[in-house]
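The block underneath contains the structure these notes are about, expressed in structure tokens.
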Amino acid sequence: MTTTPTESPEAATPPPGSGPAAKTATTATKVPQGHRRLLTRHDRLTLGLMAGLPTFLHVALVWVTALASIALAFTTWDGIGFDSIKWVGLHNFEELFSNNPQFWPAVEHNIVWFVALILIPTPLGLFLAVQLDKQIRFSRVYQTAFFLPVVMSLAVIGFVWQLIYNPDTGLINSLIGANEPGHYIDWIGDPDLNLWAILVAASWRHTGYMMILYLAGLKGVDPSLREASALDGANEWQTFKNVIFPTLRPTNTVVLVVTIIEALRAFDLVFVFNKGAEGTELLSILVTNNIIGESSRIGYGSAIAVVLLVISLAVIIPYLIATFRKERRA
Amino acid sequence: MHLTPSGLSVPGTSRRTLLRGIGGAAVLGAGVPLLSACGGSGTAADPKTVTVGSNASDAVPKKAFAEIYAAFKKQSGIAVDVNTKDHNTFQEQINSYLQGTPDDVFHWFAGYRMQFFAAKGLATSIDDVWDKIGGNFPEAMKKLSQGEDGKSYFVPLYTYPWALFYRKSVFQEKGYEVPTTWDQLIALCKQMQKDKLVPIAFGDKDAWPAMGTFDQLNFRTNGYDFHVELMAGKVAWTDAKVRKTFDLWTELLPYHQEGAVGRTWQDAAQTLVSKKAGMYLLGSFVGQQFSNKADLDDLDFFAFPEIDPAYGQDTVEAPTDGFMMSKAPKNKSGAVKLMEFLGTPEAEQIYLKADPNVVAASTKADTSSYTPLQKKAYEMISGAKSLTQFMDRDSRPDFTSTVMQPALQKFIRDPKGVDSLLSSIERQKKTIFAS
């Protein structure tokens with residue numbers, strides 16, 4: 001026990017078991033605030049539970065499982081009984097990097113996913129946000145229309161787009177007559193087409209998401225800035241480029257992070273579309289295909305999950321460092 | 001609880017045990033619906049009930065099984081508590097299901113898939129059941145129900161053949177004849193193409209139908225024994241014989257429906273229904289897609305043509321579905337009785353009445369009510385020298401699902417890359433079979 005006044009009541013609570021005797025003793029040493037008396041044993045129990053239970057759940061569900069899958073990545077295991085876990089060192093990774101014909105395409109597609117989301121729906125979302133920000137007529141209707149796909153589950157979006165892409169009976173092929181032998185377009189099965197077909201569906205949803213983020217950012221732009229640039233004689237494009245866009249910097253950071261996350265967690269749409277067949281392989285789907293099933297390859301699937309984890313960390317850690325540095329400076 | 005000298009347990013009277021009992025009852029009461037929802041039954045053994053884990057989530061089989069259980073209750077007085085799960089979900093969760101608190105008896109498939117769980121100690125051997133029902137089945141079915149240790153683990157209920165399906169009216173109208181050799185098949189395909197028909201309907205979006213084509217080509221080309229060894233991982237996929245199978249496939253592929261990887265088997269079946277396709281290589285469940293009775297009566301099939309005269313058409317692919325008993329059934333005697341009942345011709349007949357797309361596994365079942373298609377299927381299976389299951393039932397499912405399914409889809413798309421594909425399959429196979 002120190003006599004220096006502490007700000008947080010927890011830090012000042014006596015060690016458990018010190019009892020009422022300790023309490024009177026500390027009051028005697030005259031701690032300035034009356035915090036301690038507010039914390040009865042009941043309060044401490046409540047606080048302990050409030051902090052302890054979430055901590056326990058977090059550790060058990062996030063850290064233990066993450067660490068367990070890292071450990072399992074160095075084993076082979078069919079998921080039946082713990083005695084069938086065999087240590088194999090780096091074998092799973094060697095196998096993955098050199099022998100799995102789906103692994104490198106999967107990494108590539110995750111990257112393509114990110115680049116495509118940044119290049120197409122993001123500028124499109126920004127464009128829509130800028131237009132809607134001008135308080136045009138029916139602005140709310142447009143806003144709702146563009147945002148609607150975001151509310152839908154990706155699995156549902158997958159079903160909807162299948163009706164459009166189905167090579168035999170789908171909307172596109174029926175309209176352009178590409179479901180006849182000879183000039184057949186296989187949107188789902190052709191590896192040169194299917195990833196792009198899915199990306200269109202993913203962009204359809206992502207545009208609305210980006211639009212809302214940018215719209216929120218634009219609402220925060222100080223109107224006097226616009227006024228000032230108008231007084232300086234800047235046209236609309238110049239105002240946007242030199243005045244508005246630079247003020248959207250925090251929004252851009254959020255957009256970048258959200259898009260990276262979307263690219264790494266891409267799964268549902270593809271799984272519904274064609275289960276990650278040739279042309280649409282993704283890391284998340286490889287993990288699922290190896291782990292779920294009758295005689296699973298849990299070790300191998302975990303190795304793929306670890307690769308996904310490493311990629312995620314490589315993206316997230318620099319971001320967190322940059323954010324914390326900024327906060328410290330502030 | 002205190003034990004009396006006689007060994008009988010007498011409930012203690014202390015407050016604590018009383019409370020424990022109440023608490024336990026409360027936990028059980030709350031736990032039972034939860035447990036049964038996730039696949040197990042938490043109740044203590046009730047001698048009058050047997051629990052069954054079922055993957056028969058489709059309406060037709062679900063009703064058919066319910067009728068079997070009703071007949072069983074009438075005969076034995078034992079009720080069957082069925083826990084039905086979505087067909088695919090059941091398969092995906094089978095691992096954890098069998099390790100948790102599984103039902104006494106569960107639906108499953110014959111072949112390697114059955115042997116795998118038997119070898120892992122997740123099923124009870126039922127030799128005593130087979131002593132009673134053995135006479136109802138042909139030798140091939142008996143063998144199919146045995147684990148690697150030679151004990152029986154499985155009661156087969158029904159089976160269905162894979163073959164080339166076609167419409168009688170189309171063949172009549174165009175004057176086609178059923179091909180029995182490879183050359184005749186190719187000639188027929190060419191003729192169909194001239195007649196503006198898709199020779200062979202094909203949909204491989206679900207990735208398993210292509211396995212069926214491979215199976216037919218491989219055991220016709222290289223014989224049953226080679227096929228079995230290949231499936232068991234004992235022969236290399238780079239073997240010249242396998243290459244031969246793929247060469248023949250490359251020859252046949254241009255006559256298949258275009259864009260197969262983007263099409264489900266149901267959509268492919270529709271091209272046969274609408275007479276746009278001449279033939280379709282699939283299991284007899286293709287009949288489920290013929291919703292019109294007249295169309296279904298028009299459906300017929302023939303065995304995949306001979307490729308090597310040494311093997312002729314002696315092998316038939318006939319996946320068999322049935323039942324297994326979990327590792328520690330709560331009501332073992334009841335489960336045994338149910339298994340015995342399921343192995344009787346009566347049970348099979350009840351099932352077949354409701355689902356006429358399959359045939360009985362038993363030779364004793366009454367075939368008089370069979371449709372002509374069922375009769376033909378039955379003759380084909382019972383006349384076969386060897387029966388195969390299906391690639392994913394004859395080989396390790398982890399190998400077939402993670403390696404073969406994508407590999408065959410790749411082959412269908414680009415048959416020229418077969419050499420590198422086969423060496424890639426072989427490399428991956430080695431690691432999987434070694435683990």
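Every chain is numbered from 1, with letters handed out A, B, ... down the list of sequences.
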Are the side chains of [Y] and [X] in contact, using a 4.5 Å heavy-atom criterion?
| X | Y | value |
| --- | --- | --- |
| A/Ile188 | B/Val261 | no |
| A/Arg297 | B/Ile432 | yes |
| A/Ser296 | B/Asn95 | yes |
| A/Asp78 | B/Lys120 | yes |
| B/Pro406 | A/Gln102 | yes |
| A/Pro167 | B/Arg263 | no |
| B/Thr431 | A/Thr76 | no |

Side chain from CB out, backbone as N, CA, C, O: work out which of these in [X] comes under 4.5 Å of a heavy atom of chain B, or both, or neither.
| X | answer |
| --- | --- |
| A/Phe273 | backbone |
| A/Glu95 | side chain |
| A/Glu94 | neither |
| A/Asn99 | both |

Would one find more than 12 heavy atoms of other residues, nucleotides or ligands at under 6.0 Å from atom [atom1] of [X]?
| X | atom1 | result |
| --- | --- | --- |
| A/Phe159 | CZ | no |
| A/Lys275 | NZ | no |
| A/Phe56 | CZ | no |
| B/Lys190 | NZ | no |

Distance (rounded to the nearest 0.5 Å) between [X] [atom1] and [Y] [atom2]:
| X | Y | atom1 | atom2 | result |
| --- | --- | --- | --- | --- |
| B/Asp414 | A/Glu278 | CG | CD | 8.0 Å |
| B/Asp398 | A/Tyr300 | CG | OH | 11.5 Å |
| B/Thr402 | A/Ile291 | OG1 | CD1 | 12.0 Å |

Do you know which of B/Lys276, B/Gln409, B/Gln91 has the most heavy-atom pairs under 4.5 Å to chain A?
B/Gln91
Among the listed options B/Arg113, B/Glu258, B/Lys196, B/Glu92, the residue most often paired with chain A at heavy-atom distances under 4.5 Å
B/Glu258
At a 4.5 Å cut-off on heavy atoms, which part of [X] comes close to chain A: side chain, backbone, both, or neither?
| X | value |
| --- | --- |
| B/Gln428 | both |
| B/Leu98 | neither |
| B/Arg427 | both |

Top of A/Asp168, A/Val88, A/Asn166, A/Thr169 for chain B proximity - count of heavy-atom pairs under 4.5 angstrom
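Highest number of heavy-atom pairs under 4.5 Å: A/Asp168.
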Answer key: most heavy-atom pairs under 4.5 Å with chain B among A/Pro191, A/Gly79, A/Gly81 is A/Pro191
